[in-house]
2 protein chains.
Amino acid sequence: MIEIKKRSECPISCSLDIWGDKWSLLIIRDLMHAKQCTYGDFLKSEEKIATNILAARLQMLETNGVITKQDHPESKAKVLYKLTQKGIDLLPIMVEINLWADKYFTLPSERKEMIDEVKKDKEAFIKEKIKELSLS
Amino acid sequence: MIEIKKRSECPISCSLDIWGDKWSLLIIRDLMHAKQCTYGDFLKSEEKIATNILAARLQMLETNGVITKQDHPESKAKVLYKLTQKGIDLLPIMVEINLWADKYFTLPSERKEMIDEVKKDKEAFIKEKIKELSLS
DNA sequence: AAATTTACTTGCATTTTGCAAGTACAAATA
DNA sequence: TATTTGTACTTGCAAAATGCAAGTAAATTT
């Protein structure tokens with residue numbers, strides 16, 4: 001089992017205790033891009049997470065209600081991971097991280113396109129994206 | 001010295017490579033609350049960071065241009081740490097983390113007050129707070 | 001029936017974290 | 001002026017987390 005030990009009652013600290021490790025937000029990013037992923041999909045991401053770490057993080061995020069597992073409609077060998085509402089609600093944080101990164105790094109052009117869309121109308125982007133993630 | 005190895009060119013990943021560890025955002029949080037802190041101030045925070053980890057993180061954040069050191073005006077024994085513009089620009093991310101935490105945790109009342117102010121007018125809050133952090 | 005895919009687990013080396021103690025310089029106190 | 005205290009670290013070592021390679025078990029494909 002996974003221990004959820006809070007370092008303090010501070011909102012930043014409590015949040016980091018759930019997803020403030022090296023990998024969790026990348027898993028969540030994948031789910032925001034793809035809406036649903038199999039275990040293997042996560043392993044394919046370019047940052048190359050180790051399989052045991054992936055398993056541990058998925059467990060942690062599920063225990064904390066950020067993601068859920070469900071059966072794959074076409075195969076019993078596969079599992080689908082999805083964001084819960086709690087996970088979907090991390091979108092504004094992700095958007096702000098993207099904007100910060102856009103200001104201080106040189107990003108690949110395919111990322112820039114999305115960010116330019118955000119910059120045009122942040123609220124609209126978030127609203128639309130949340131809607132997308134919520135149905136399904 | 002500190003190694004800045006990027007796992008990928010993804011904005012989320014690049015950002016996490018700088019401040020995506022267990023402690024950095026808590027250091028940044030302290031600086032956002034206090035505007036400037038000494039080494040000892042950070043050690044006093046309720047999460048109780050270990051002194052060697054603190055030294056390592058401060059070094060990392062300074063190397064990456066998120067914070068700066070300056071002489072304490074009243075004592076050569078003390079050092080003042082402050083946010084750079086790059087650090088101040090993390091404020092919107094912090095605000096969103098607070099809002100997420102507000103939705104999913106029960107927070108202490110003194111934190112709630114600040115968050116209620118944010119909820120009234122997020123843009124205004126951020127603008128005002130950035131102004132505050134920028135002068136000095 | 002055998003090989004392959006999928007989602008993991010296991011074992012072990014490496015790296016990071018945490019704790020306690022130590023150091024060096026500045027400042028306050030006796 | 002000598003000694004103690006404060007401040008910002010560093011060092012050494014144990015514990016925990018991470019990373020890598022290989023293994024397992026059930027489902028699917030061949």
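Just so we're on the same page: letters track the sequence lines, and every chain starts at 1.
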request  = Using a cut-off of strictly less than 4.0 Å, decide whether B:Trp23 has a side-chain nitrogen or oxygen near OP1 or OP2 of C:dT17.
outcome  = no
Interatomic distance, B:Leu58 CG vs D:dT10 P [rounded to whole Å] = 10 Å
note = When rounded to whole Å, the CD to C1' distance for the pair A:Glu47 and D:dC20 reads 18 Å
message = Closest approach to the side chain of B:Asp21, judged atom by atom: which nucleotide of C:dA26, C:dT17, C:dT16 is it?
response = C:dT17
message = Taking the minimum atom-to-atom distance to the side chain of B:Arg57, which one of D:dA8, C:dT17, D:dT28 wins?
response = C:dT17
inquiry  = So, OP1 or OP2 of C:dG18: does either fall under 4.0 Å of a side-chain N or O from B:Lys22?
reply    = yes
inquiry  = Are more than 12 heavy atoms, taken from residues, nucleotides or ligands other than B:Lys127, located less than 6.0 Å from that residue's NZ atom?
reply    = no
task = Would you mind reading off the distance between B:Leu54 atom CG and C:dC19 atom C1', rounded to a whole angstrom?
result = 15 Å
request  = Could you please name the option among C:dG18, C:dT16, D:dT28 that lies closest to any side-chain atom of B:Lys5?
outcome  = C:dT16
inquiry  = Is there a side-chain contact between A:Lys78 and A:Leu80 in this structure, where contact means two heavy atoms from C-beta onward sitting under 4.5 Å apart?
reply    = no
Phosphate OP1/OP2 of C:dC8 contacted by A:Tyr81 side-chain N/O (<4.0 Å) = yes
query = Do A:Thr38 and A:Asp41 come close enough that some side-chain heavy atom pair is under 4.5 Å?
reply = yes
request  = Determine: side-chain N/O of A:Thr51 to OP1/OP2 of C:dC8, distance under 4.0 Å, yes or no.
outcome  = no
message = Taking only side-chain N and O atoms of A:Lys69, does any of them lie within less than 4.0 angstrom of OP1 or OP2 on C:dC8?
response = yes
ask   = Are B:Ser24 and B:Met60 side-chain neighbours, meaning at least one heavy-atom pair lies under 4.5 Å?
value = no
Short side-chain N/O contact to D:dT7 OP1/OP2 from B:Lys78, under 4.0 Å = yes
task = Please list, by residue number, the residues of residues 33-44 of chain B whose heavy atoms come closer than 4.0 Å to an atom of DNA chain D; answer none if no residue qualifies.
result = B:Thr38, B:Tyr39, B:Gly40
